[in-house]
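Some notes on the structure that comes next.
All values below come from the heavy atoms of this structure, side chains included, with hydrogens, waters and symmetry mates left out. All values derive from a computational prediction rather than experimental measurement. Just so we're on the same page: letters track the sequence lines, and every chain starts at 1.
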2 protein chains.
Amino acid sequence: MLRLSKLTDYAVVVLTTMARTDGALHTAASLTERTGLPAPTVQKLLKLLARGDILASHRGATGGYTLARPPCGITVAQIIEAIDGPIALTDCVDGQTGSCGVESLCARRGSWDKVNRAVRRALDDVTLADMAAPPLFFDAPAPERGTALAG
Amino acid sequence: MLRLSKLTDYAVVVLTTMARTDGALHTAASLTERTGLPAPTVQKLLKLLARGDILASHRGATGGYTLARPPCGITVAQIIEAIDGPIALTDCVDGQTGSCGVESLCARRGSWDKVNRAVRRALDDVTLADMAAPPLFFDAPAPERGTALAG
DNA sequence: CTTAAACGGTACCAGATTGGTCCGGATTGA
DNA sequence: TCAATCCGGACCAATCTGGTACCGTTTAAG
């Protein structure tokens, strides 16, 4: 797998919708309508994103949500962390010991850290602005000649 | 999360154990003893790794498993794919439509493809030789990659 | 001051997925 | 023949995710 949760996927849908009208105020209800996602799910998403400092919330009547930063300042890594928690491929992050019963396992723990960092960097490199960019067609002449495994 | 399965983690433990005696033949029983992991789990892992062309299996009495390639030729991406299946962060891979009920969702599908590829590249960049390398302290000057382990 | 609209937090449940186990069958060297 | 080993399923329990509901708090409008 190495799959991120469906919620994170939905979050990007909501965020790109908001990014199209950067700076505007959106209510949970309006975003529900515009995205077509189930209402309670959208509410949950917005709460999480607000906690993660990706959205700014405005309470009370005429309240709603706005992007906390311009889209180019919001990275995929931040979105994932807001929804799914810290990005860590393995259960026990480096440095910790004892959480996993097997001793020989933790010995190799530091090795994953390298992978973690590489993935992290890749995720930090893509912003919401990139995600909101035109969907560009896929049958266009592929500039890469790599094998592009069915990812 | 963006968490990979515990099985994959175990797989690395088993593989690094094998890598230390590159080329040698290992049985499921011996690897169980050396790693301390539960026996049925090790068996399952070895089967999966053999199917994924990461291990070569030898049947019959005096059979066992060997690494299909030198450690520097086995990437983390390959291991993950062998255990967890194809690396795809989102449910519907690019190009497909209709699998997810929500229409506005699939429209942004292509955006994830960029992220997918970035992560994939990061995972392709780390080999089993790297994982088997000494646990090295984190503030030490990192030596060049490509250890003598690979031969 | 009352009302209503909107966010905030928490608890809860069903379904899917993972981790772990077991058993019988096939292969091969002694 | 016999025993050691891999091979391929089926199977079950535990965990996690996705989705829902409820109630409290805040705040603008009338």
Side-chain angles (χ1 to χ4, degrees), chain A residues 1-11 13-14 18 24-33 35-66 68 80 82-85 88-91 100-102 105, chain B residues 1-11 13-14 18 25-33 35-66 68 80 82-85 88-91 99-102 105:
Chain A
M1 54 152 200
L2 195 90
R3 185 174 300 120
L4 45 78
S5 74
K6 213 186 292 182
L7 265 302
T8 302
D9 199 3
Y10 292 164
V13 175
V14 171
M18 296 181 73
L25 191 77
H26 301 267
T27 68
S30 71
L31 285 170
T32 296
E33 187 186 2
T35 59
L37 297 171
T41 299
V42 172
Q43 290 170 20
K44 188 179 206 170
L45 281 173
L46 294 172
K47 290 176 199 171
L48 287 171
L49 292 172
R51 282 187 85 83
D53 273 328
I54 292 177
L55 297 181
S57 67
H58 306 272
R59 307 184 67 166
T62 74
Y65 296 92
T66 57
I80 293 176
I83 302 295
D84 284 334
L89 271 62
T90 52
D91 275 348
C100 49
V102 190
L105 203 153
Chain B
M1 52 150 204
L2 193 91
R3 187 172 299 121
L4 44 78
S5 74
K6 214 184 294 183
L7 265 301
T8 303
D9 200 4
Y10 292 165
V13 175
V14 172
M18 296 181 72
L25 192 76
H26 300 267
T27 67
S30 70
L31 285 170
T32 295
E33 187 186 1
T35 59
L37 297 172
T41 299
V42 172
Q43 290 170 20
K44 188 179 207 172
L45 280 173
L46 293 171
K47 290 176 199 171
L48 287 170
L49 291 171
R51 284 187 84 84
D53 272 329
I54 291 176
L55 296 180
S57 67
H58 307 272
R59 306 184 65 167
T62 74
Y65 295 93
T66 57
I80 293 176
I83 303 293
D84 284 334
L89 271 62
T90 52
D91 275 347
S99 11
C100 48
V102 189
L105 205 152

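- For the contact set between residues 40-54 of chain A and DNA chain C, defined by any heavy atom under 4.0 Å, the members are A:Lys47, A:Arg51.
- Taken from CD in A:Gln43 to CG in A:Leu31, the straight-line distance is 11.0 Å, to the nearest 0.5 Å.
- Separating the CG atom of B:Leu31 from the C1' atom of D:dA4 is a distance of 16 Å, rounded to the nearest angstrom.
- A distance of 11.5 Å separates CD1 in A:Ile54 from CG in A:Leu46, rounded to the nearest 0.5 Å.
- Partners of A:Ala24 by side chain to side chain contact (heavy atoms under 4.5 Å, CB included), not counting sequence neighbours, listed by chain and number: A:Thr21, A:His26.
- Applying a 4.0 Å cut-off to non-hydrogen atoms, the residues of residues 57-65 of chain B that approach DNA chain C are B:Arg59, B:Gly60, B:Ala61, B:Thr62, listed by residue number.
- Between the CD1 atom of A:Ile83 and the C1' atom of D:dG19 there is a distance of 14 Å, rounded to whole Å.
- Here the closest heavy-atom approach between residue B:Thr27 and residue B:Gly63 is recorded as CG2-O, 3.6 Å.
- Counting only residues at least two apart or on different chains, the side chain to side chain donor-acceptor pair (under 3.5 Å) pairs with a member in residues 50-59 of chain A are A:His58-A:Thr66.
- The heavy-atom pair separating A:Lys47 from A:Tyr65 by the smallest distance is N-OH, 4.1 Å.
- With values rounded to the nearest 0.5 angstrom, B:Thr8 atom OG1 is found 3.0 Å from B:Asp84 atom CG.
- A:Asp9 places its CG atom 16 Å from the P atom of D:dT17, with the value rounded to the nearest Å.
- Atom C1' of nucleotide D:dG19 and atom NZ of A:Lys6 are separated by 10 Å, given to the nearest angstrom.
- Taking atom CG of residue A:Leu25 and atom C1' of nucleotide C:dC7, one finds them 11 Å apart after rounding to whole Å.
- A distance of 10.0 Å separates NZ of A:Lys44 from CD1 of A:Ile83, quoted to the nearest 0.5 Å.
- Residue contacts shown for B:Ala29 are absent, as no nucleic acid heavy atom lies under 4.0 Å away.
- The side chain to side chain contact (heavy atoms under 4.5 Å, CB included) search around A:Thr41 returns A:Leu7, A:Tyr10, A:Pro38, A:Leu45, not counting sequence neighbours.
- Considering only side-chain N and O atoms, B:Ser5 lies nowhere under 4.0 angstrom from the phosphate OP1 or OP2 of C:dT17.
- Residue B:Asp84 contributes atom CG, which lies 14 Å from atom P of C:dT17 at whole-angstrom precision.
- Position along DNA chain D of the nearest nucleotide to B:Thr27 versus A:Thr8 favours B:Thr27 as the more 5'-ward residue.
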